[in-house]
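Report on the following structure.
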Protein chains: 2
Amino acid sequence: MPAHSTDSRRFAAIPQKQIRNREKNLHRIVAAAEVVFAENGFAGATYAKIAQQAEIPKSNVLYYFPKKEVLYRTVVEDIYNVWRYAADSIKRENSPEEALGDYIDTKLELSRTRPYGSRVWANEIIQGAPIVQDYLERDLKDWTNKRIAVIEVWIAEGRINPVDPRALLYLIWSVTQHYADFGHQIKTLNGGQAFSDAQWQETKRAVKAIILQGVVLPTQ
Amino acid sequence: MPAHSTDSRRFAAIPQKQIRNREKNLHRIVAAAEVVFAENGFAGATYAKIAQQAEIPKSNVLYYFPKKEVLYRTVVEDIYNVWRYAADSIKRENSPEEALGDYIDTKLELSRTRPYGSRVWANEIIQGAPIVQDYLERDLKDWTNKRIAVIEVWIAEGRINPVDPRALLYLIWSVTQHYADFGHQIKTLNGGQAFSDAQWQETKRAVKAIILQGVVLPTQ
DNA sequence: ATGTTTTTTGACCATGTGATCAGATAAGTT
DNA sequence: AACTTATCTGATCACATGGTCAAAAAACAT
């Protein structure tokens, strides 16, 4: 009967305890795993450590993720998607200064807010991308080629210097991720203190200043 | 008797089988360990894998390095020292263009010749420098402060733009090491082909072009 | 209330691995 | 040749860890 099914849908629409709990637990586990994988690498990360970080019993982690590799893949895909969708400013209709500046800002901000994810990604690539090789070959290659095309247009239109677009992209990737991946080294060289808000601001400014001056033609 | 002791010294001067063999084995093991630690991280690297890579029995590796941590430390210290002594061009008496250009060249060349070492170092820092924390706090801090002082002199003398010296150093570190640490990603984006000689040349040129133009005042 | 499904959890197991050990072999010494 | 020392190696051990299992507890459905 319509009446009945409507009623049951009405109830189902209200967030249910089990579903809410499941999602809460999944999120807790993935977040904990991101930290543990970042700090220990894939092999060094154990269910025991992840469970401790998530503050739930080890068996419960295993209930949601019976295979360590699946949990790892979840973490890696998560950070990959964050990066992927957060940086679409490089379009030919934007001005090179703004586009590149925004991209640097965004990536540095992600290094600040998601350092563990960045480190997991770095680990994955260092070890030869055993899990995400297909992402590199499809998505990333495609994404990269499109941005290179935009940069080449900018060059052709005389809006920036004739730089090697690939080298420019790698330069931006490396420096922005460096502040996450080598954050411990930077912190040590900063007297053991994590970067303050002001230091992050100054970093963004300084990185943009060097790269943009290195790339963008002086405004006549 | 002098004669006797002289004789024995004369023999000792000739490289002896045991000593030669010992050094050869030590070198084989450390070189193999560098690869295995780079590809698997500390926890993922096993005596079995290292032995296989070195093509000697596992027990023999254990004979030379009874503690995995000591072998790891040896590998990390090795690459650290290579980096440390290979880049002393940043001196105030040198011209900024040449000094920074040489530094970038040297570090890129090391990324090319010692990519595994670079990856081991990256792993170590990502995991919070559990082994080399003291190196960072003493040596590296000191080294860095001296280079920053040089850059500040250059700025004061009006030879380069007033950039943030720390940001400049981190930029150079990150981009040069990126070509080793993320070499797999770069290779994939390069159609699965490792960089050719010409591509390395072009990379050096392009990186220097962007950074130097970003930093060094145009020659009047 | 009763039955069913999902979730939670401790006990347990099989496997891989860092490390030990003792015996064999080779090198060096007298 | 006889002896000492360094090197080499397979067998073995203790232990951590990824994963299984069964039973309890909670949530849900009727």
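What's counted below: heavy atoms across the whole structure, side chains too, no hydrogens, waters or symmetry copies. Chain letters run A, B, ... following the sequence lines, proteins first, then strands; residues in each count from 1.
- By the 6.0 Å and 45° rule, A:Lys68 stacks over the aromatic ring of A:Phe42.
- Contact check for B:Tyr135 versus B:Glu77: side-chain heavy atoms found under the 4.5 Å cut-off.
- Annotation: proximity of residues 42-61 of chain A to DNA chain C (heavy atom, distance under 4.0 Å) is found for A:Pro57, A:Ser59, A:Asn60, numbered in ascending order.
- Inter-residue side-chain proximity for A:Tyr72 and A:Ile131 is flagged as met; some heavy-atom pair is nearer than 4.5 Å.
- Side-chain contact of A:Gln199 with A:Asn190: a donor-acceptor pair under 3.5 Å is present, judged by distance alone.
- Going from atom OH of B:Tyr72 over to atom P of C:dG18 covers 15 Å, rounded to whole Å.
- In this structure, NZ of B:Lys24 is placed 20 Å from P of D:dA6, rounded to the nearest angstrom.
- Not counting sequence neighbours, the partners of A:Tyr64 by the side-chain hydrogen bond (donor to acceptor under 3.5 Å, both in side chains) test are A:Asn25.
- The separation between B:Tyr63 atom OH and C:dA22 atom P is 16 Å, rounded to whole Å.
- For A:Tyr64 and C:dT8, the shortest distance from a side-chain N or O to OP1 or OP2 is below 4.0 Å.
- Each of B:Arg112, B:Lys204, B:Lys208, B:Arg205 was evaluated against B:Asp105; a single residue qualifies, B:Lys208, per the salt bridge (charged side-chain N to carboxylate O under 4.0 Å, His left out) test.
- Here D:dC8 presents its P atom at 13 Å from CZ of B:Phe65, a figure rounded to the nearest Å.
- At whole-Å resolution of the value, NZ in B:Lys67 and P in C:dG18 are 12 Å apart.
- Spacing between atom NZ of A:Lys68 and atom C1' of D:dG19 amounts to 12 Å, rounded to whole angstrom units.
- Within the 4.0 Å cut-off from OP1 or OP2 of C:dT8, at least one side-chain nitrogen or oxygen of A:Asn25 is found.
- At whole-Å resolution of the value, CZ in A:Arg22 and C1' in D:dA26 are 14 Å apart.
- We find that CG of A:Asn40 is positioned 16 Å from P of D:dA16, with the value rounded to whole Å.
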